[in-house]
Amino acid sequence: MGELKHLVLVQFKEGVVVEEILKGMEKMASEIDLVKCFEWGHDTRSVEMLRQGFTHVFMFTFQSAEDFISFSGHPSHVGFSATFAASIEKILVFDYPAVLVKPPP
């Protein structure tokens, strides 16, 4: 089937030290070999009405759906998820097989 993408959009709760969450997310993604690629970003340009309160995006790429399933149960992911969930006001998640139209150069 090919790569699977795990896209997470979040709005953090008021008072959360976002930098600590980001460091934890980077550490977790780096420690789990099943994660083929990880990137994140903070919205800086969207109009608030279009953003709907979401401020950060996290994108994980996995070689396969099976790797994503294994990642979901990985102890590092399970442990970090509790901290992450407690810091979130609002979340939107998409898991989808990637359809590559234009490959990177």
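A cation-pi geometry, defined here as NZ or CZ lying under 6.0 Å from the six-membered ring centre and within 45° of its normal, holds between Lys90 and Phe54.
Residue pairs meeting the side-chain hydrogen bond (donor to acceptor under 3.5 Å, both in side chains) criterion with at least one member in residues 91-102, sequence neighbours excluded, are His6-Asp95. The ring-ring contact (aromatic ring centres under 6.0 Å, His included) contacts involving residues 7-30 comprise Phe12-His56, where partners must be two or more places apart or lie in separate chains.
A side-chain hydrogen bond (donor to acceptor under 3.5 Å, both in side chains) with Thr61 is found for exactly one of Glu3, Lys5, Glu39, namely Lys5.
Inter-residue side-chain proximity for Val57 and Leu7 is flagged as met; some heavy-atom pair is nearer than 4.5 Å. Side-chain contact between Ile91 and Val10 is present, with at least one heavy-atom pair separated by less than 4.5 Å.
Relative orientation of the Phe38 and Phe58 rings is parallel, given thresholds of 30° and 60° on the angle between their planes.
Heavy atoms only, all atoms of each residue included: Ser70 and Leu34 are closest at CB-CD1, 3.5 Å. Considering all non-hydrogen atoms of both residues, Val101 and Pro103 come closest at O-CD, 4.0 Å.
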### Task
For side-chain contact (heavy atoms from CB on, under 4.5 Å), just list the numbers for Thr55 and His42, CA-CA rounded to whole Å, side-chain angles, deciding distance to a tenth of an Å, and then say yes or no.
CA-CA 6 Å; Thr55 57; His42 177 258; 4.3 Å; yes
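Note that CE of Met59 and CG of Leu9 are 9.0 Å apart. Values are rounded to the nearest 0.5 Å. With rounding to the nearest 0.5 Å, the separation of CD in Gln63 from CZ in Phe71 is 15.5 Å. Atom CD in Gln11 sits 11.5 Å away from atom OG in Ser87 (nearest 0.5 Å).
Note on Ile69 and Phe60: separate hydrophobic clusters, where clusters join Ile, Leu, Val, Met, Phe, Trp and Tyr whose side-chain heavy atoms are under 4.5 Å apart, directly or indirectly.
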What pairs of donor and acceptor atoms, side-chain ones from residues 20-29 against any protein atom, are under 3.5 angstrom apart with sequence neighbours left out?
residue	atom	partner	partner atom	Å
Glu26	OE2	Trp40	NE1	2.7
Lys27	NZ	Glu31	OE2	2.5

